[in-house]
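Presented below is the structure to which this report refers.
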2 protein chains.
Amino acid sequence: MARSKKSYPTITDVARAVDLSPTTVSFVINDVPYANIPEETRERVWQAVKALGYRPNAAAKVLRTQRTHTIGFVTDEVASTPFAGQVIKGAQELAWDNGKMLIVINAGGNPSVLEAAVEVLLDRQVEGIIYAAVYHQEVQPPPNLSEVPAVLLDCYCADRSLPSVVPNEVGGGRLDTDLLIAQGHRRIGFINLNPGIPAAVGRLQGYREALAAAGIAFDPALVRHGNAQADGGYHQIQQLMRLDAPPTAVFCGTDRTAMGAYDGLRDFGLRVPQDVSIVGFDNQEIIAAYLRPALTTVALPHYEMGRWAVQYLLNLIKQPSATTPPQRLEPCSPIIRESVRPPAG
Amino acid sequence: MARSKKSYPTITDVARAVDLSPTTVSFVINDVPYANIPEETRERVWQAVKALGYRPNAAAKVLRTQRTHTIGFVTDEVASTPFAGQVIKGAQELAWDNGKMLIVINAGGNPSVLEAAVEVLLDRQVEGIIYAAVYHQEVQPPPNLSEVPAVLLDCYCADRSLPSVVPNEVGGGRLDTDLLIAQGHRRIGFINLNPGIPAAVGRLQGYREALAAAGIAFDPALVRHGNAQADGGYHQIQQLMRLDAPPTAVFCGTDRTAMGAYDGLRDFGLRVPQDVSIVGFDNQEIIAAYLRPALTTVALPHYEMGRWAVQYLLNLIKQPSATTPPQRLEPCSPIIRESVRPPAG
DNA sequence: TTGAAAGCGCTACCAA
DNA sequence: TTGGTAGCGCTTTCAA
């Protein structure tokens with residue numbers, strides 16, 4: 001149980017125990033290369049360290065070295081979405097491998113909390129800050145964010161004054177559509193997200209590019225906007241199937257839409273994938289993998305974005321650069337499951 | 001963009017600027033009650049603070065006060081599950097409201113990383129540590145965990161030497177079954193998780209308690225074990241429906257199981273909820289809310305467990321206690337949607 | 001009402 | 001190969 005507040009021994013205590021100076025102990029503990037400490041001495045020191053339960057005081061070290069080895073991770077409510085974990089995981093893992101800690105703050109979409117969060121992180125002298133949004137969007141980050149190396153994750157600011165990493169929506173849309181084309185589909189429906197948001201714009205562009213590359217004419221009748229919810233998919237796909245020339249495959253802008261589309265198709269008397277092929281987007285494991293048939297989809301690079309953000313920060317910390325901040329388009333990856341087949345007939 | 005490494009002004013700089021001592025400046029900044037600083041002086045100080053962009057150095061403060069206001073949050077891969085966000089969110093929010101920061105480390109289920117993580121947190125002098133598991137289970141926490149107030153989240157250790165917070169599985173199972181009984185069902189199937197794990201044991205007990213309370217005899221033929229996957233639900237429910245006296249309602253140990261059960265029922269020619277009522281468990285939003293009909297289920301208290309853990313730590317930090325470590329059973333809550341109806345006929 | 005100064009624990013320069 | 005010691009920026013006691 002919680003031991004009573006007994007404070008840890010200091011480096012001086014260790015030094016005293018082995019009758020050496022704190023300097024030497026410090027050399028041993030930090031394995032300073034230019035100090036030629038003989039093996040025998042090192043052992044004595046380490047023994048005393050173990051014996052006393054010595055633990056270097058991080059605060060003292062930070063104060064002295066001015067390096068906190070800490071990165072701030074601020075989120076706009078992201079922590080409550082199913083993807084949050086992956087982003088944090090990617091960021092945290094790479095940070096850990098480089099001896100950095102992550103301080104996570106969920107600002108809950110509240111601008112004043114956001115600014116306060118950044119302020120606190122700055123007080124803690126974080127070496128960099130990642131600001132992660134809940135979904136791909138434009139944001140207006142607080143001005144104090146730029147006091148330290150910072151990167152935007154799954155979002156970007158209008159003036160591009162901050163580096164950012166976002167999913168390659170165009171590439172993802174292209175990937176998904178190509179999956180269908182590769183199986184021989186030529187009449188491909190698209191149930192997109194709400195118009196205007198980056199994901200919808202990008203995925204549509206990818207869809208069109210894929211069609212163009214395959215020499216298939218774009219037919220506006222085949223593209224519809226769902227509401228990113230399952231019941232959107234339910235109704236939209238039925239509309240699509242009522243067309244004079246219905247699609248043989250449908251690209252759903254979201255796995256949830258696809259989930260609705262499955263139901264819509266079923267109630268329409270059509271089977272996936274025998275009658276209609278379906279691809280989703282997002283790879284929400286929990287839906288995509290457990291739908292029957294399992295959904296072929298495209299995974300959003302959450303884990304990778306987390307890693308990229310930290311890597312970028314790491315570089316910037318090591319060597320500040322004045323080049324204009326990049327926007328990284330992190331590729332999406334296809335997840336092949338069972339919802340796609342060549343068109344019937 | 002990343003400003004060049006210019007170091008911040010110190011409290012001494014501020015003092016010099018207003019021609020006062022660091023003491024006074026410190027008094028003003030920390031609003032020390034017993035120092036009677038006149039309003040006029042305070043203003044001068046604050047002005048200089050703003051003007052110079054002064055920012056108190058957290059490391060120096062920590063070194064001096066020996067309080068880090070930091071809590072460690074170590075996870076066993078939890079950060080990659082859809083629930084992770086909620087747990088972290090609950091913990092982080094309450095921490096923030098109490099002026100504490102959360103350092104999050106994902107140990108990825110690797111015991112040596114786990115121990116190293118705790119070690120690093122201890123170096124950083126965290127005031128407490130939360131160790132969160134990916135699902136309700138028994139764990140063997142690293143011994144160094146007990147050097148500081150600690151609480152286990154969604155897990156517990158065999159010897160109960162550490163406090164823990166876990167979902168009230170029994171209560172949840174009871175809740176779910178009662179939901180069915182309240183609608184008049186008497187013949188209630190149960191597709192449980194893999195036997196042996198705490199969730200399966202607890203939910204089964206809750207199921208039996210509910211039956212007993214309603215005076216319904218327990219029929220072993222009605223309880224089956226799925227594999228927590230959707231296709232488990234698919235087959236198990238069909239077995240159940242082939243019984244001579246099939247159930248009119250089925251309690252699925254997981255929303256995923258329920259998802260499979262929906263499909264199994266449909267392929268069996270039965271409708272939810274007209275022919276068979278279904279309840280799930282977990283409230284995996286993304287499934288439960290988007291299934292058709294939307295799934296009535298019971299929510300696991302992730303957010304609440306996060307909060308509870310922090311609150312417990314906060315108390316312990318404020319006032320160490322030697323009472324035997326409690327195990328908190330955090331209640332689950334019913335989420336009523338559309339998959340339950342009174343039995344037909 | 002304000003200030004001087006000690007000291008938190010560590011690193012790293014300079015000396016020996 | 002090892003040690004003395006200054007000083008990182010802050011709080012807080014004691015004194016004025």
Side-chain angles (χ1 to χ4, degrees), chain A residues 5-46 48-49 52-70 99 120 122-125 127, chain B residues 5-46 48-49 52-70 99 120 122-125 127:
Chain A
K5 201 94 197 166
K6 76 140 212 324
S7 58
Y8 289 111
T10 73
I11 201 171
T12 312
D13 295 328
V14 176
R16 230 188 317 260
V18 290
D19 206 32
L20 285 169
S21 74
T23 308
T24 308
V25 175
S26 175
F27 284 162
V28 171
I29 287 171
N30 296 299
D31 208 17
V32 175
Y34 58 79
N36 268 0
I37 316 287
E39 192 50 37
E40 191 263 339
T41 307
R42 309 177 95 87
E43 292 220 327
R44 273 170 60 219
V45 171
W46 281 120
V49 165
L52 299 182
Y54 169 73
R55 188 182 291 295
N57 181 311
K61 189 178 287 202
V62 165
L63 182 57
R64 180 62 233 239
T65 61
Q66 304 286 31
R67 316 270 287 107
T68 57
H69 299 290
T70 301
V120 169
L122 256 18
D123 285 357
R124 296 236 170 183
Q125 324 264 92
E127 300 181 342
Chain B
K5 199 96 199 167
K6 72 140 216 319
S7 57
Y8 288 111
T10 73
I11 201 171
T12 312
D13 293 329
V14 177
R16 229 187 319 262
V18 291
D19 204 35
L20 284 169
S21 73
T23 309
T24 308
V25 175
S26 174
F27 284 163
V28 172
I29 288 172
N30 296 299
D31 208 17
V32 175
Y34 58 79
N36 269 359
I37 317 286
E39 192 49 38
E40 191 264 339
T41 307
R42 309 177 96 87
E43 293 219 326
R44 273 170 61 217
V45 170
W46 281 119
V49 165
L52 298 182
Y54 169 73
R55 187 182 293 296
N57 181 311
K61 187 178 287 201
V62 165
L63 182 57
R64 179 63 231 242
T65 60
Q66 305 286 29
R67 315 271 288 107
T68 57
H69 299 290
T70 302
V120 169
L122 257 17
D123 286 357
R124 296 237 170 183
Q125 324 263 87
E127 300 181 340

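To find a chain, count down the sequence lines: A is the first, B the second, and so on, and within it residues start at 1.
- A straight line from CG of B:N36 to P of C:dT2 spans 9 Å, rounded to a whole angstrom.
- For A:T24, a side-chain nitrogen or oxygen approaches OP1 or OP2 of D:dG3 to under 4.0 Å.
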**Complete:** Contact string for nucleotides 10-16 of chain C, one letter per nucleotide 5' to 3', B = base within protein heavy-atom range under 4.0 Å, S = sugar-phosphate only, - = neither, reads BBBB---

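- Under the 3.5 Å distance criterion, with hydrogens and angles disregarded, no donor-acceptor pair is assigned to the side chains of A:T23 and A:S26.
- One distance of note links CG of A:N36 with OG1 of A:T41; it measures 11.0 Å at 0.5 Å rounding.
- Straight-line distance from the CZ atom of A:R124 to the P atom of D:dC10: 15 Å, rounded to whole Å.
- Between D:dG9 and A:Q125, no contact under 4.0 Å exists linking OP1 or OP2 to a side-chain N or O.
- Counting heavy atoms from C-beta outward, A:R124 and B:V62 have side chains that stay 4.5 Å or more apart.
- A:V25 has its side chain out of reach of A:Y54: every pair of non-hydrogen atoms, C-beta onward, lies at least 4.5 Å apart.
- A donor-acceptor pair under 3.5 Å links the side-chain atoms of A:E127 to the main chain of A:T68, judged by distance alone.
- With rounding to whole Å, B:Q66 atom CD is found 18 Å from D:dG9 atom P.
- Annotation: the span from A:N30 atom CG to A:I11 atom CD1 amounts to 7.0 Å, rounded to 0.5 Å.
- Rounded to an integer number of Å, the gap from B:R16 CZ to C:dT2 P is 19 Å.
- Rounded to an integer number of Å, the gap from CG of A:L63 to C1' of D:dG7 is 9 Å.
- Put simply, OH on B:Y8 is 18 Å from P on D:dC8, counting in whole angstrom units.
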